[in-house]
Amino acid sequence: MNQVISAYSGIKPGQAWVNGGIEYRDENFITFAEFIKPFFKRLNLGYPKFYKMDPLSKLGFIASELIFKHIDLDLYDKKRVGIVLANSSSSLDSDLVHQESINNRSHYFPSPSVFVYTLPNIMIGEICIRHQLKGENAFLISEKFESSLLFNFVNELFLNNRVDVCLTGWVDLLKEQFEALMMFVEPTGLAITEENSGMLLPFSEETMDDLYKKM
Amino acid sequence: MRPVYIASDNIITSLGASTFANMEALKAGQIGIRMTSDLNLFPSPLPLSLVDSELLEEQFLYILKYYKKNVGLTAYTRLEKLLIISIHDAISQISQNFNDPGTLFVLSTTKGNIDLLEGRYKTQFQHRRIYLWEMAKTVGDFFGFANTPLIISNACISGIMALMTAFRYLRMGMYDQAVVSGGDILSEFVISGFQSFQSISSTPCRPYDIGRDGLSLGEGAGTMVLTTGIEKNSGSLVRIGGAATSNDANHISGPSRTGEELGFAFTDAMKEAALSPGDIGFINAHGTATPFNDEMESKAIGEAGLLESPVNSFKGYWGHTLGAAGLIESVASVHALQDQMLIRSAGFESLGVSEHIRVIAANEKKKMSSCLKSASGFGGCNAAIIFEKDNV
């Protein structure tokens with residue numbers, strides 16, 4: 001085993017987890033917006049750019065912040081931090097908003113602030129901007145969560161010596177359906193600190209499947 | 001690690017449905033961007049590069065017969081037809097079997113079947129066809145590819161990223177060969193979006209020129225078949241030398257102010273290929289002709305020590321084809337390298353960027369063994385890939 005998962009987070013309607021423990025719970029919401037806004041406030045990040053993001057980016061951003069609470073990114077060369085994310089519905093949630101704005105020629109109001117989010121990798125850009133991460137990045141699509149898709153891609157980044165560490169995960173959102181699983185992958189030697197020494201998980205398809213099932 | 005060679009390829013754009021037709025058009029200086037009035041695309045006339053619909057339907061009908069598919073033309077979307085024609089052309093040039101598990105299928109697109117969101121297709125296709133995985137599966141199943149398609153949707157660097165991913169998987173031995181295809185169509189969705197950014201020029205785009213004022217949009221598809229079944233230095237084929245991506249971490253819809261990040265993608269790709277700037281015969285850059293993109297690229301070229309390398313952009317011929325651009329333009333770059341030819345950067349007259357890059361102003365023969373292709377896109381992403389020819 002060359003790499004380990006040194007931190008992971010998960011978000012589903014009503015709940016969020018970090019490293020296996022419940023981080024946030026709120027069952028009294030109806031929409032994604034009602035769920036994510038108080039959650040963001042609770043995190044106390046002081047990052048107003050969050051409010052400009054589309055729902056998919058908000059979900060991925062918060063899932064990554066939950067991890068970076070436990071990882072000191074200053075320990076790494078930021079040109080060598082990779083991000084590899086995937087989902088099923090791409091940016092369809094924002095695509096529908098943009099399409100709505102052009103459906104009626106007499107009420108035609110396409111907006112650049114919506115259109116820019118009609119690409120799923122914008123979420124990666126938002127995470128990169130927040131932490132000045134400049135390494136390899138990729139957005140992949142599969143019908144369902146596929147650990148092999150992410151594992152193979154990230155594994156090749158390590159084998160080809162293109163990253164020192166890598167954030168990877170699944171962030172899917174369409175209307176009020178959403179789920180996020182985010183993992184931080186490091187070489188075995190780098191990762192061990194006092195805080196996490198007991199909870200490093202082997203970076204493998206089995207671990208990722210297991211974390212996804214437990215969400 | 002095994003060398004990864006390009007075994008065959010295809011380009012479909014406004015300039016033709018084969019690599020040959022497109023290369024002949026580029027060499028002859030033909031521009032595929034035309035003033036277009038189509039109310040399904042945009043309320044007022046715009047310069048666009050569109051694939052001829054009649055040619056597309058004609059070719060697709062032929063392919064349906066060739067593969068003995070008992071379905072009508074309406075069973076596939078415009079993008080699926082483009083991709084299927086492109087892949088058919090590339091794989092039919094060589095005799096390999098493509099239906100075994102050793103064949104990887106990689107597909108790059110930004111918006112897939114986005115036209116299906118428009119009301120006019122509502123009854124023709126099932127709702128799930130809007131999903132990129134369903135579109136990719138439809139294309140893969142047409143040819144009977146054994147593996148689930150690997151789908152890359154990473155803005156305008158998708159095409160290069162698809163090639164880079166296949167290159168990495170192949171050279172480490174995960175697969176023996178790969179069909180790498182990319183495509184995007186022009187739709188009201190995409191045109192209205194770029195127009196809302198006020199980034200579309202009212203004339204065919206002019207990359208790196210002092211008078212450039214925005215991009216031209218185009219549509220198309222491109223395919224490369226990559227193989228590991230060839231010994232190094234055994235022929236005149238071109239192989240992939242190295243590739244890298246990076247992120248600006250600066251702005252989601254504007255490029256880096258310094259070009260440093262694209263610059264180190266260039267440097268990383270050269271390092272992987274064990275080449276130095278003096279080895280790069282030419283750079284086929286992204287060159288969208290927006291003021292900021294081209295300026296950033298000139299700085300990146302300077303950062304990477306590549307100011308001596310000739311530079312061109314193909315966007316002046318067939319516009320910005322988004323998720324197809326990396327594929328289409330890589331194919332054209334590989335053929336320019338094989339033909340030992342620097343192709344004029346269409347729309348360029350006088351330099352309008354701050355670094356003194358050497359934009360190719362006229363076609364020219366040049367002895368060279370490698371070239372570099374790059375792209376940058378929304379989300380701050382950058383990509384670079386190097387192609388090498390063994391026997392020059």
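Chain letters run A, B, ... following the sequence lines, proteins first and then strands; every chain starts at 1.
- Neither the backbone nor the side chain of B:Leu107 comes within less than 4.5 Å of any heavy atom of chain A.
- Ranked by heavy-atom pairs shorter than 4.5 Å toward chain B, the options A:Glu136, A:Met123, A:Gln132 are led by A:Glu136.
- For the pair A:Val116 and B:Ser253, the tightest heavy-atom approach, listed with the atom from each and the gap, is CG2-CB, 3.7 Å.
- Looking at A:Phe109, neither its backbone nor its side chain comes within 4.5 Å of chain B, counting heavy atoms on both sides.
- Interface remark: of the candidates A:Gly125, A:Gly135, A:Ser90, A:Cys128, A:Cys128 forms the most heavy-atom pairs closer than 4.5 Å to chain B.
- For a residue to count as touching a neighbouring chain, one of its non-hydrogen atoms must lie under 4.5 Å from one of that chain's; by this rule A:Ile127 does not touch chain B.
- In this structure, chain A has no heavy atom under 4.5 Å from any part of B:Lys137.
- A distance of 8.5 Å separates CG in A:Asn152 from CG in B:Leu150, rounded to the nearest 0.5 Å.
- Interface remark: B:Phe194 contributes backbone and side-chain atoms alike to the contact with chain A (heavy atom separation under 4.5 Å).
- Closest heavy-atom contact between A:Asn121 and B:Ser153: OD1-O, 4.2 Å.
- When heavy atoms are compared at a cutoff of 4.5 Å, A:Ser89 approaches chain B by way of both its backbone and its side chain.
- Shortest non-hydrogen contact noted between A:Ser111 and B:Ser196 is C-OG, 3.7 Å.
- Of the residues considered (B:Asp248, B:Thr245, B:Leu132), B:Thr245 shows the highest number of contacts with chain A, using heavy-atom pairs under 4.5 Å.
- B:Met164 is not listed as a side-chain neighbour of A:Glu156, based on a closest heavy-atom distance of 4.5 Å or more.
- Within a 6.0 Å radius of NZ in A:Lys78, more than 12 heavy atoms belonging to other residues, nucleotides or ligands are found.
- A side chain to side chain contact (heavy atoms under 4.5 Å, CB included) with B:Cys381 is found for exactly one of A:Asn137, A:Leu119, A:Ile124, namely A:Asn137.
- In terms of non-hydrogen atom pairs under 4.5 Å with chain B, the most contact-rich of A:Ile129, A:Leu159, A:Val114 is A:Ile129.
- A donor-acceptor pair under 3.5 Å is formed between the side chain of B:Lys111 and the backbone N or O of A:Thr118.
- To the nearest 0.5 Å, the span separating OH on A:Tyr108 from CD on B:Glu188 amounts to 5.0 Å.
- Residue contact with chain B, scored on non-hydrogen atoms closer than 4.5 Å, involves the side chain of A:Leu92 exclusively.
- Ranked by non-hydrogen atom pairs under 4.5 Å with chain B, the options A:Pro112, A:Ser88, A:Ala86 are led by A:Pro112.
- Identified by a heavy-atom distance below 4.5 Å to chain A, the contributing residues of residues 112-120 of chain B are B:Ile114, B:Leu117, B:Glu118, in residue-number order.
- When all heavy atoms of B:Met161 and A:Ala138 are compared, the pair lying nearest together is SD-CB, 3.5 Å.
- Of the listed residues A:Glu146, A:Lys134, A:Lys49, the one with more heavy-atom pairs under 4.5 angstrom with chain B than any other is A:Lys134.
- In the displayed structure, B:Phe197 atom CZ is contacted under 6.0 Å by more than 12 heavy atoms of other residues, nucleotides or ligands.
- Residue A:Ser113: no heavy atom, backbone or side chain, is found under 4.5 Å from chain B.
- Proximity to chain A (any heavy atom under 4.5 Å) is restricted, for B:Glu261, to the side chain, taken from C-beta onward.
- For the atom pair CZ of A:Arg105 and CG of B:Leu39, the computed distance is 6.5 Å after rounding to the nearest 0.5 Å.
- Residue contact with chain A, scored on non-hydrogen atoms closer than 4.5 Å, involves the backbone of B:Ala243 exclusively.
- Taking the side chain as every heavy atom from C-beta outward, B:Asp268 and A:Arg162 approach each other to under 4.5 Å.
- For A:Leu174, the part lying near chain B is the side chain, with the backbone staying farther off; criterion is any non-hydrogen pair under 4.5 Å.
- Here B:Asn250 is the residue among B:Thr148, B:Ile157, B:Asn250, B:Thr110 with the most heavy-atom pairs under 4.5 Å with chain A.
- Against chain A, the residues from residues 168-179 of chain B that qualify, each with a non-hydrogen atom under 4.5 angstrom away, are B:Arg168, B:Tyr169, B:Arg171, B:Met172, B:Met174 in number order.
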- request: Kindly indicate, with the supporting measurements, whether the criterion side-chain contact (heavy atoms from CB on, under 4.5 Å) is fulfilled by B:Tyr131 and A:Ile141.
  value: CA-CA 9 Å; B:Tyr131 289 92; A:Ile141 304 281; over 6 Å; no

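- In plain terms, the two heavy atoms of A:Ile122 and B:Gly379 that are nearest each other are CD1-N, 3.5 Å.
- Below 30°, between 30° and 60°, or above 60°: for B:Phe189 and A:Phe115 the angle between ring planes is between 30° and 60°, a tilted geometry.
- Taking 4.5 Å as the limit, some side-chain heavy atom of A:Leu140 sits within range of a side-chain heavy atom of B:Ile152.
- For B:Phe378, the parts sitting under 4.5 Å from any heavy atom of chain A are the backbone and the side chain alike.
- Listed options A:His131, A:Glu126, A:Arg130 were ranked by heavy-atom pairs under 4.5 angstrom with chain B; first place goes to A:Glu126.
- The number of heavy atoms from other shown groups lying within 6.0 Å of CD (A:Gln177) does not exceed 12.
- Heavy-atom distances place the side chain of B:Glu272, and not its backbone, under 4.5 Å from chain A.
- Between chain A and the residues B:Ser199, B:Ser246, B:Gly193, the largest count of heavy-atom pairs under 4.5 Å involves B:Gly193.
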